[in-house]
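Take a look at the structure below.
Keep in mind that what you see is a predicted model, and the values were worked out from it rather than measured.
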Amino acid sequence: MPYQCYYPLDVQIRASSDRSLLVGFGEEISPQAHRAVRRLTAALEGARGISNLHPAFASVLVEFDPRLHSHAEIESLVRLSLDAPEEELPASRLVEIPVRYGGADGPDLDDVARHHDLTPRRVVELHSSAEYVVSFVGFSTCFPYLAGLPAELATPRLAAPRRHVAAGSVAIAGSQAGVYPLASPGGWRVIGRTALRLFDPAGEPPPLLRMGDQVRFVPIEEGEC
Amino acid sequence: MLNRIRVLEAGAQTTVQDLGRFGWAHFGVSASGAADPLALRAGNLLVGNAENAAALEMTLVGGAFEFENDALIALAGSDFGAGLPLWTPLEVKAGGVIRCGPTHSGARCYLCVRGGLAVPRVMGSASTHMATGVGGRALRTGDVLPVGDTEVRQPRRAAGPPPFPRSGALRVTRGPQAEWFGEELYRRAWTVSEESNRMGLRLLGEAIPSPAGHMLTEGVTLGAVQVPPGGQPIILFVEHQTTGGYPKPANVISADFWRLGQLRPRERTAFDSVTIEQALAALRAVEEWLYSL
């Protein structure tokens, strides 16, 4: 019998390793896929036997302890969650991120402006007037993948990644926006920087941004904080 | 009596590790933890600790450690030239020094102490995530580490090394994009690059042809073999990123994770394809040996 669920999407479940299943909701970035990813992640968070959840644009990697559970058991758990009646998702919050744009804080602002034949001021206007949603948090510690970058600002990555991107760097890549929570190497175009700590490695959670949160960037002048 | 360990020499890269920080991948935080979990677990069991107790992980060149008071320790993993038997509970007298040097075999040696290291836990784990600083940093000369009192059972007798070979092909199951690739991964010999670290083991060899498919960034897990456009595979290691966009033909099996932690730069390796059932049977053999300690 064909598998049925409440999603208007194909669901593919396959083994990713001897201790994980990859649950896919199609090959496109879409609001439907994002909603499915959020729902499954919320349903499985803290579930017994699950050691880690890796949500992404249209998939969730579910990692488990193979000494305690089989792939079949975890697949049943996933399907049970998918079949459960639609429940309210955790409320999404609005987080405002103060940004100093340009200069040493945003070394790529001028290049991005030139790339689109805009003034740097217009780039800042566009970037800070949009509303973003955290598609997922991943890659490296607490890096938020933000959907909602105005199409006029879509810019390719740097040809060669930087060895050092400062913590708090506000950056764009393709149609994505993001913020580097910690200093790291990176190939995104850095247009500004925030003093807001998305994550404190010495501190305790929760990190600032969660999947599904809404984000707005607020330009500030030098000297403000 | 409270005991402390003074770091006289830190070694090349010595960190505090337990079995890792789980439950935070959806915030982009990978588990980290011991690169050779088999050695950490065995060392802890031998001194009567819970297998997840925090211990010292030494990499390639070990350090020298002075004990303020009497202690019971075990060295597990590779022989770092301490002149002491491995896989054996050993008594150290107050003021005694355990001095390790360059490795004589694999990449890592663990120094486990009865009671565990009493370092703060961050997000539920004492393990150090080097790349982000979560859980601390690599040890430096002069650091002092408190020893805890969380032993859970009597120490064991000498165990002898695990009955599993360190060398030979790494066993892998099929990865999510296995059908995009041919047999090149399995036919070629690979050399571990000097650029390898706890985030990833970079392999050098005749490049694997780039597959044509397009994929979205998706979750990735420990042991995933990813192939960037250059065709040189990277095995994602304990500090791996939590999501990635490169296709993955294979994933190292759980029973062989410990062998990843013992691979040295410039060492040769290869891949051998197994089924999930074979992978789980191999994992059972590892667990049975640990339970026999």
If you count every heavy atom of other residues, nucleotides or ligands that lies below 6.0 Å from R153(B) atom CZ, does the total exceed 12? yes
Test F199(A) against T132(B) for side chain to side chain contact (heavy atoms under 4.5 Å, CB included), laying out the working first. CA-CA 11 Å; F199(A) 174 68; T132(B) 60; 5.8 Å; no
Count the heavy-atom pairs under 4.5 Å between each of M211(A), R67(A), H71(A) and chain B, then report the option with the highest count. R67(A)
Sort by residue number and list every residue of residues 59-66 of chain A having at least one heavy atom under 4.5 Å from chain B. S59(A), L61(A), E63(A), P66(A)
Contact part of S254(B) toward chain A, heavy-atom cut-off under 4.5 Å: side chain, backbone, both or neither? both
Would one find more than 12 heavy atoms of other residues, nucleotides or ligands at under 6.0 Å from atom OH of Y246(B)? no
Working to the nearest 0.5 angstrom, can you tell me the gap between W24(B) CH2 and C142(A) SG? 9.0 Å
In terms of heavy-atom contacts, L216(B) and A58(A) come closest through CD1-CB, 3.8 Å
Side chain from CB out, backbone as N, CA, C, O: work out which of these in L283(B) comes under 4.5 Å of a heavy atom of chain A, or both, or neither. side chain
Identify which part of L209(A) has an atom lying under 4.5 Å from any heavy atom of chain B, answering side chain, backbone, both or neither. backbone
Salt bridge (Lys or Arg N to Asp or Glu O under 4.0 Å) partners for D256(B), two or more places apart: R171(B), R259(B)
Under 4.5 Å heavy-atom distance to chain B, tell me which part of S20(A) shows up: side chain, backbone, both or neither. side chain
What do you reckon, is CD of E195(B) surrounded by more than 12 foreign heavy atoms closer than 6.0 Å? no
side-chain hydrogen bond (donor to acceptor under 3.5 Å, both in side chains) with E27(A): which residues, sequence neighbours excluded? none
Can you give me the closest heavy-atom contact between A56(A) and T217(B), atom names plus distance? CB-O, 3.3 Å
Toward chain A, the part of R174(B) with a non-hydrogen atom under 4.5 Å: backbone
Are there residues of residues 228-239 of chain B whose heavy atoms fall under 4.5 Å of chain A's heavy atoms? If so, which? none
Would you indicate whether E28(A), at its atom CD, is surrounded by more than 12 heavy atoms from other residues, nucleotides or ligands within a distance under 6.0 Å? no
So for atom CZ, which belongs to R93(A), do other residues, nucleotides or ligands contribute more than 12 heavy atoms lying within a distance under 6.0 Å? yes
Heavy-atom pair with the smallest gap, counting every atom of A25(B) and N52(A): N-OD1, 3.0 Å
Reported OG-to-CD1 distance for the pair S17(A) and I253(B), which is rounded to 0.5 angstrom: 11.0 Å
Any side-chain heavy-atom pair from L22(A) and E218(B) closer than 4.5 angstrom? yes
Considering only heavy atoms, which portion of V172(B) lies under 4.5 Å from any heavy atom of chain A: side chain, backbone, both, or neither? neither
Of the backbone (N, CA, C, O) and the side chain (C-beta and beyond), which part of E45(A) lies under 4.5 Å from a heavy atom of chain B, both, or neither? side chain
Judged by atom type as modelled, is there a donor-acceptor pair below 3.5 Å linking the side chain of H54(A) to the main-chain atoms of T242(B)? yes
Check whether any side-chain heavy atom of Q241(B) sits under 4.5 Å from a side-chain heavy atom of F143(A), and report yes or no. no
Heavy-atom contact with chain B under 4.5 Å, split by part of F136(A): side chain
Is there a donor-acceptor contact under 3.5 Å from the side chain of D18(A) to the main chain of T173(B)? no
E287(B) versus chain A, heavy atoms under 4.5 Å apart: side chain, backbone, both or neither? side chain
